[in-house]
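Everything on this sheet refers to the single structure shown next.
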Amino acid sequence: MDARGGRAIMSAALTRPEDFIGAGLADPRDRAALAAVAARYSAAMSPRLAALARAHPQIARQYAPDARELTVLPQERADPIGDDAHSPVAGLVHRYPDRVLLKIVSACPVYCRFCFRRESVGAGRGAMDGEAIAAALDYLRGNEQVWEVILTGGDPFVLSPRRLAALASDISSIPHIKILRLHTRAPMASPELVTREFIAALQSTRLAVYVAVHANHPAEFDAPAKAALAQLADAGVGLVSQSVLLRGVNDDVETLEALMRAFVEARVKPYYLHHPDLAPGTGHFRLSLDEGRALYAALCARVSGLARPAYVLDIPGGAGKIPVAESALRREGDTWRARDAAGRAHDYADPADAAGKPDSRD
Ligand SMILES: *Cc1c(COP(=O)(O)O)cnc(C)c1O
Ligand code: SF4
């Protein structure tokens with residue numbers, strides 16, 4: 001266990017620019033720029049991920065530091081989705097009435113180069129201490145509309161099983177809270193964190209437990225990752241997915257389709273496909289909304305509802321998540337126009353719509 005109470009990420013062999021250069025995952029000519037990147041943002045990659053990254057540039061791009069991270073666009077901001085504006089107590093974000101985020105740890109097993117919280121996550125940054133957790137629990141006790149607590153960070157899977165069980169027990173002592181959700185990249189990034197003890201801690205609570213698994217490319221589903229997901233599914237944990245739409249990683253329909261099928265095959269229900277947030281130095285990953293909409297429509301035309309995530313944008317500044325997809329149904333005068341997956345238009349006369357009803361006074 002490290003000083004922040006998290007489990008040491010023993011296999012994070014690559015952390016310094018020199019490590020990535022030595023592994024062939026960064027360009028030696030970028031040494032000076034990479035030193036500047038390293039001064040701002042943590043980096044970490046296990047030997048397993050480094051091997052995957054050498055075989056799949058789409059994995060290397062997600063984790064290996066890149067000189068382009070020094071290019072900050074005017075629209076980019078340190079707190080892209082406005083966490084700070086909705087933080088009544090330190091570490092807790094309450095944007096939607098029925099659910100809160102607890103940023104319980106700041107460390108992750110990897111540091112995604114496109115991370116929306118890249119200015120606040122990182123090795124050696126503070127986690128919530130006992131006092132902060134007590135203040136968060138007090139807040140939850142006093143806010144009866146809160147139904148769900150989401151552990152995030154950082155990656156809550158770096159918590160020791162003992163700390164997770166203690167936290168779950170504290171949260172479950174608040175009667176109006178019914179759901180515990182954990183947002184994690186660990187099954188893909190550090191599957192060795194999914195131990196029997198960690199799963200036992202997830203099962204130790206009366207709360208319904210869901211895990212939202214972050215993965216962006218089908219090649220992340222290697223044997224250890226699939227085994228970790230199977231253990232979670234077998235343990236009765238509800239599994240949903242989160243992915244970020246990323247240029248150079250998953251910006252073609254074949255890759256998105258394979259990614260969503262990989263989730264479903266691993267018993268993970270595709271949940272969100274995020275349009276990248278305006279985090280500093282992430283412009284090289286960003287598609288336009290038009291490009292994203294076209295890709296998402298093509299994905300939806302290929303896969304069943306079981307494999308379809310919602311494509312969402314977090315409105316910069318803290319107004320929340322909204323669907324990005326163009327609506328397939330729009331009103332046209334007294335009727336509705338419905339567009340099918342092939343783009344053909346159909347009329348839908350709504351029998352329950354007042355505008356379409358014969359006037360009963362006649
Ligand atoms: C994304 C987010 C959640 C979770 O939202 P869901 O739509 O329930 O997945 C909760 N709180 C905050 C502040 C968020 O940004
Ligand atoms: S695992 Fe999540 S919180 Fe951690 S760096 Fe990646 S995107 Fe950010």
Side-chain angles (χ1 to χ4, degrees), residues 6 9 12 15 40-46 49 59 61-65 69 79-88 91-123 125 127 140 143 145-158 179-190 193 210-217 220 238 240-246 249 269-277 279-282 285 309-323:
I9 296 149
T15 56
R40 283 189 73 166
Y41 305 116
S42 294
M45 216 166 174
S46 65
L49 282 182
I59 291 183
R61 288 180 194 120
Q62 296 185 53
Y63 302 127
E69 294 172 46
D79 179 21
I81 68 168
D83 283 348
D84 295 345
H86 295 90
S87 186
L92 183 150
V93 185
H94 194 184
R95 187 184 344 256
Y96 305 107
D98 71 333
R99 53 208 193 271
V100 304
L101 299 182
L102 275 192
K103 296 197 257 184
I104 191 75
V105 286
S106 302
C108 295
V110 287
Y111 290 100
C112 310
R113 309 323 296 170
F114 48 84
C115 176
F116 66 124
R117 293 212 180 96
R118 60 189 329 215
E119 300 288 334
S120 55
V121 303
R125 305 220 187 181
L140 293 174
N143 281 270
Q145 76 277 33
V146 179
W147 173 78
E148 174 178 21
V149 173
I150 301 168
L151 303 183
T152 181
D155 194 320
F157 274 50
V158 308
I179 311 291
L180 181 66
R181 192 194 324 174
L182 291 85
H183 281 183
T184 184
R185 201 142 169 49
M188 327 312 289
S190 204
L193 292 174
Y210 287 79
V211 168
V213 180
H214 174 182
N216 304 313
H217 191 272
E220 291 176 53
V240 298
S241 80
Q242 296 204 83
S243 305
V244 186
L245 183 59
L246 297 167
V249 175
K269 169 71 185 91
Y271 180 56
Y272 278 151
L273 175 64
H274 295 272
H275 195 76
D277 294 311
T282 61
F285 284 117
Y311 175 30
V312 293
L313 172 73
D314 231 304
I315 300 174
K321 293 180 188 69
I322 52 161

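First listed ligand is number 1; within each ligand, the first listed atom is number 1.
Among all protein heavy atoms, the one lying closest to atom 5 (S) of ligand 2 is Cys112 N, 3.3 Å. For atom 5 (O) of ligand 1, the nearest protein heavy atom (residue, atom name, distance) is Arg99 NE, 3.5 Å. Among protein heavy atoms, atom 7 (O) of ligand 1 sits closest to Tyr272 OH, 2.4 Å. Among protein heavy atoms, atom 4 (C) of ligand 1 sits closest to Ile150 CD1, 3.6 Å. Of all protein heavy atoms, the one closest to atom 1 (C) of ligand 1 is Lys321 NZ, 1.3 Å.
Checking Cys115 against atom 4 (Fe) of ligand 2, every N/O/S atom stays at or beyond the 2.8 Å cut-off.
Each of Arg185, His274, His214 was checked for a side chain to side chain donor-acceptor pair (under 3.5 Å) with Gln242, and the lone residue meeting it is His274.
Which parts of ligand 1 touch Val93 is read off a 4.0 Å heavy-atom cut-off, strictly below it: atoms 13 (C). Listed by atom number, the atoms of ligand 1 under 4.0 Å from Tyr271 heavy atoms are 6 (P), 7 (O), 8 (O), 9 (O). Less than 4.0 angstrom separates some heavy atom of Arg185 from each of these atoms of ligand 2: 1 (S).
Contact annotation for Asp83 and ligand 1: no heavy atom of the residue comes within less than 4.0 Å of the ligand. Looking at His86 against ligand 1, nothing comes within 4.0 Å, counting heavy atoms. The part of His214 lying near ligand 2 is the side chain, judged by heavy-atom distances below 4.0 Å. By the criterion of a heavy-atom distance under 4.0 Å, the side chain of Arg181, and not its backbone, is placed next to ligand 1. The part of Cys108 lying near ligand 2 is the side chain, judged by heavy-atom distances below 4.0 Å.
Below 3.5 Å of separation, one finds no N or O of Tyr96 facing any N or O of ligand 1. Taking distance alone, with nitrogen or oxygen atoms compared against 3.5 Å, Asp314 stays at or beyond that limit from ligand 1. For ligand 1, the polar-atom distance check finds an N/O of Arg95 within less than 3.5 Å of one of the ligand's N/O atoms.
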Let me see the working for Cys112 and Tyr63 under side chain to side chain contact (heavy atoms under 4.5 Å, CB included), right down to the final yes or no.
CA-CA 5 Å; Cys112 310; Tyr63 302 127; 4.2 Å; yes
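The heavy-atom pair separating Val105 from Val158 by the smallest distance is CG2-CG2, 3.9 Å. Closest approach of Arg181 and Ala212 over heavy atoms only: CD-CB, 4.4 Å. Closest approach of Tyr41 to Glu69, counting heavy atoms only: CD1-OE1, 3.9 Å. Considering all non-hydrogen atoms of both residues, Arg40 and Pro280 come closest at NH2-CB, 4.4 Å.
Asp79 places a side-chain N or O within donor-acceptor distance of the main-chain N or O of Asp84, the cut-off being under 3.5 Å. Side chain of Arg99 to backbone of Pro97: no donor-acceptor contact under 3.5 angstrom is found.
Residues Arg61 and Leu246 form no side-chain contact, since every pair of their non-hydrogen atoms from C-beta on lies 4.5 Å or further apart.
Here CG of Leu92 is found 10.5 Å from CD1 of Ile150. Values are rounded to the nearest 0.5 Å. Rounding to the nearest 0.5 Å gives a distance of 9.5 Å between CG of Asn216 and CE of Met188.
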